[in-house]
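Each remark here refers to the structure printed beneath this line.
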Amino acid sequence: MIRPSRLIPIAFASLAFGATAAAVNAQQPLKTLLVGVDHRTVTSLDGDWHYLVDQPPARALYDAHGKVRDNSYGMNTHPNISSSPHNDEYDFATAPTLKVPGDWNTQDPTLFRYEGVVWYQRDFDFQPRPNTHTFLHIGAANYRSYVWVNQKRICDHEGGFTPFDCEVTTALKPGSNFVVIAVDSTRDVDGIPSVGIDWFNYGGLTRDVSLVTVPTTFIDDYDVHLKHGSSFSEADGTLTGYVHVVGASAGTPVTLRIPEADIDTTVKTGTNGSAPFEVKSKSLTLWSPEQPKLYKVELASGQDRLTDDIGFRDIRVDGTRILLNGKPIFLQGANMHAEAPYRTGRAWSDEDAKNIFGFLKEMNANFVRLCHYPHDERMERMADRDGIMVWSEIPLWQHISFDKPEVYAKATYMLNEMIRRDRNKASVILWSVSNETPNNPTRTKFLTDLANEARRLDPTRPITSAIIGPHPKTTAAGIEMINDDPFASALDVIGQNEYIGWYEGKPEDADKVKWTFPDKPVLISEFGAEAKQGVHGGPDERWTEEQQVNVYQHQFVMINKIPQVRGLIPWVLMDFRSPVRNIPKLQDGFNRKGLISEDGKKKQAFDLFQKTYKDHSVGKAE
Ligand code: GCB
């Protein structure tokens with residue numbers, strides 16, 4: 001019998017200390033956020049950082065009312081331990097070090113399960129140059145960050161998976177400088193995600209940290225894409241978008257050059273610093289999985305210049321079809337967490353991206369859902385180069401405080417950060433605003449507004465979300481599943497998660513299910529079963545590789561009967577750490593629904609997908 005769909009119950013009360021520390025970005029317009037930092041010359045601050053643990057209730061960071069203390073470790077006072085008259089009982093200089101980027105959990109065994117505050121510190125040499133701005137760029141820090149440079153409080157940030165830039169120009173001095181960052185990974189009921197998650201809450205400075213120096217007027221944001229008119233053919237090699245220049249007076253020239261496409265044009269900024277452009281190329285090779293063509297795009301304004309690698313393509317929905325460059329496509333994909341293959345821990349490196357995309361290519365995939373939060377930018381870069389299409393999502397997962405305006409403000413902020421960073425990536429074809437949320441009017445209003453906000457920020461890409469439900473109805477003819485979630489009407493593409501054969505019913509129940517969906521493209525955005533690599537048995541024996549295959553085979557029967565399915569996204573490419581997966585010997589702290597184990601060993605289900613995708617035997621593009 002198929003049970004109604006489930007949401008993982010929240011197992012904890014709020015773990016957050018100090019509610020006033022929350023919502024540091026809430027209701028603010030997007031601050032300076034530099035696009036294309038990985039294509040600029042920067043001063044890397046990656047490497048060894050000293051660290052001190054500020055065990056809950058984190059009294060070095062928060063005062064008794066939960067307010068951030070400004071006169072604490074951020075001062076990095078180098079107390080004279082033998083004679084200090086005050087109580088600065090900390091010392092970064094002699095403290096151990098952690099590698100940045102990297103989570104703290106897999107670097108220090110005593111911090112493996114630690115969720116709380118860790119203080120990071122490092123010295124660096126710097127020579128400020130006149131007429132420049134310098135930003136401290138942090139690729140991601142999970143979950144809240146508080147930054148001091150040379151004892152000056154510089155900025156705060158909330159959100160564990162998006163980049164932020166803090167201006168440090170006036171805080172820097174010639175020669176020796178230091179930066180202190182307190183990172184708090186404590187979960188919070190009003191956070192995004194909230195407290196109940198099915199992935200490991202890796203804390204720390206998990207992505208690259210650098211100093212970026214730009215001239216007084218500088219390009220912070222740009223958008224260069226194929227014109228997205230009412231039809232694909234309307235574009236006809238026309239590129240459009242904008243280049244935004246900070247500090248530019250109206251009429252400041254901006255040059256856009258794409259030598260390979262014979263484009264060399266100069267446009268001018270308006271009063272808001274943005275220079276819109278529309279330019280026709282003589283000939284353009286469009287980006288596609290078969291030919292992931294990227295162009296060198298050179299942008300310049302005044303003293304500032306940068307070059308990015310950008311592909312051009314059109315993605316749109318037409319009835320129940322998804323069209324890439326005017327042609328119907330079927331997405332053969334997999335879900336993937338930002339979990340490092342082989343070494344485990346939060347993924348961030350070139351090596352991690354290479355391993356993950358290696359698996360996808362071997363599987364004959366053309367698509368990946370990077371769940372449930374924006375991954376390291378290296379992933380989208382590699383997707384651009386390898387021709388793998390991407391679903392990118394903010395960490396709005398299951399239980400969220402949908403009734404709170406400040407949480408909505410936080411969600412729009414994160415959405416903005418995600419879209420800002422990756423809007424120039426041709427591989428990203430879908431923005432997702434959520435995963436598996438309870439169907440009620442408060443949530444539907446929140447998410448509908450958020451989907452519309454995503455559309456406003458980027459009208460060129462379809463908006464999606466992974467929906468869980470509906471409730472099955474058993475009839476004489478079989479089992480009926482009717483997706484009548486009102487939120488679906490706010491989406492261009494419906495993501496449907498379902499676990500028939502694992503959480504719900506038996507694998508063969510899938511054969512009897514008749515799905516009804518609104519008239520839109522549907523991606524089966526999650527389906528699957530757990531199997532421990534190397535455990536074998538009959539097709540009905542749970543935890544075996546054979547049962548995982550059996551579940552998928554029955555799913556294929558079901559999916560082939562749903563006319564508007566336009567993609568398969570099995571859950572999940574690789575086993576990943578999760579604190580809620582605690583069956584000894586089988587799970588040992590890992591969600592085992594991977595097609596591959598965390599140490600890179602393929603399960604039989606991987607071979608099944610490899611063949612299915614090669615033969616294109618499940619699903620149709622139209
Ligand atoms: C889901 C969630 C995903 C979980 C998965 C599971 O529906 O979207 O985050 O990890 O189920 O394995 O239960």
Side-chain angles (χ1 to χ4, degrees), residues 2-11 160-161 187 191-202 333-339 346 368-375 391-400 430 432-439 443 447 464-472 481 483 485 487 494-505 507 510 522-533 542-543 547-548 551-552 555 567-583 586-598 603 605:
I2 292 181
R3 281 186 285 111
S5 56
R6 92 262 103 84
L7 296 174
I8 292 187
I10 299 182
F161 302 98
R187 288 185 254 174
I192 301 178
S194 186
V195 291
I197 49 175
D198 183 21
W199 70 82
F200 203 83
N201 187 29
Y202 292 112
N335 284 282
M336 183 66 195
H337 265 291
E339 184 89 19
R346 180 59 77 229
V368 66
R369 175 179 176 217
L370 297 180
C371 49
H372 287 298
Y373 37 76
H375 288 211
W391 159 321
S392 181
E393 135 176 329
I394 54 168
L396 227 146
W397 191 91
Q398 294 201 1
H399 305 275
I400 294 286
L430 290 168
S432 164
V433 297
S434 64
N435 175 69
E436 291 194 355
T437 51
N439 180 351
R443 154 287 202 173
L447 290 185
T464 192
S465 255
I467 287 177
I468 191 76
H471 295 284
M481 305 277 273
N483 181 324
D485 190 324
F487 174 45
I494 297 172
Q496 178 68 57
N497 293 359
E498 51 83 18
Y499 283 91
I500 298 165
W502 183 255
Y503 292 123
E504 300 160 338
V522 172
L523 306 177
I524 304 299
S525 40
E526 289 183 27
F527 62 122
E530 301 213 21
K532 167 96 175 177
Q533 188 275 328
R542 279 169 86 86
W543 304 100
Q547 203 236 7
Q548 192 183 32
V551 166
Y552 279 124
Q555 288 281 317
L568 303 182
I569 324 177
W571 188 263
V572 53
L573 182 62
M574 195 186 80
D575 291 352
F576 59 95
R577 268 212 183 93
S578 166
V580 297
R581 305 291 173 178
N582 288 317
I583 302 179
L586 291 170
Q587 293 178 311
D588 297 316
F590 282 84
N591 183 314
R592 294 283 177 210
K593 295 189 190 74
L595 306 176
I596 305 173
S597 64
E598 76 282 10
K603 305 180 194 173

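The first residue in the sequence is number 1, and the count goes up from there. Counting convention: from 1, in listed order, for ligands and their atoms alike.
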Mark up the atoms of ligand 1 that fall under 4.0 Å of a heavy atom belonging to [X], in ascending order.
X: His372; value: 3 (C), 8 (O), 9 (O)
X: Arg581; value: 6 (C), 12 (O), 13 (O)
X: Asn435; value: 2 (C), 8 (O)

Original post:
With a 4.0 Å cut-off on heavy atoms, does Phe576 reach ligand 1?
Top reply: yes

Original post:
Does Glu498 reach ligand 1, in the sense of a heavy atom lying below 4.0 Å from it?
Top reply: no

Original post:
Do Arg346 side-chain atoms and Ala338 backbone N/O form a donor-acceptor pair below 3.5 Å?
Top reply: yes

Original post:
Taking C-beta and beyond as the side chain, do Phe576 and Lys593 meet within less than 4.5 Å on heavy atoms?
Top reply: no

Subject >> Side chain to side chain, Glu339 and Arg577, heavy atoms closer than 4.5 Å >> reply: yes

**OP:** Select the closest option to atom 4 (C) of ligand 1 among Asn497, Asp198, Val580, judged by heavy-atom distance.
**Re:** Asp198

Testing the 3.5 Å rule here: is there a donor-acceptor pair between the side chains of [X] and [Y]?
X: Ser597; Y: Asp575; answer: no
X: Asn483; Y: Gln496; answer: yes
X: His372; Y: Trp397; answer: yes

**OP:** Would you please name every residue forming a side chain to side chain donor-acceptor pair (under 3.5 Å) with His375, sequence neighbours left out?
**Re:** none

Original post:
Sequence neighbours excluded, which residues qualify as side chain to side chain donor-acceptor pair (under 3.5 Å) partners of Ser525?
Top reply: Asn497

What do we get for [X] next to ligand 1 when only non-hydrogen atoms under 4.0 Å count, side chain, backbone, both or neither?
X: Asn591; value: side chain
X: Arg592; value: neither
X: Tyr503; value: side chain
X: Lys593; value: side chain
X: Val572; value: neither

**OP:** For ligand 1, find out whether one of its N or O atoms is nearer than 3.5 Å to an N or O atom of Gln398.
**Re:** no

**OP:** For ligand 1, find out whether one of its N or O atoms is nearer than 3.5 Å to an N or O atom of His337.
**Re:** no

Original post:
Think Arg581 forms a cation-pi with Trp199, using NZ or CZ under 6.0 Å from the six-ring centre and within 45 degrees of its axis?
Top reply: no

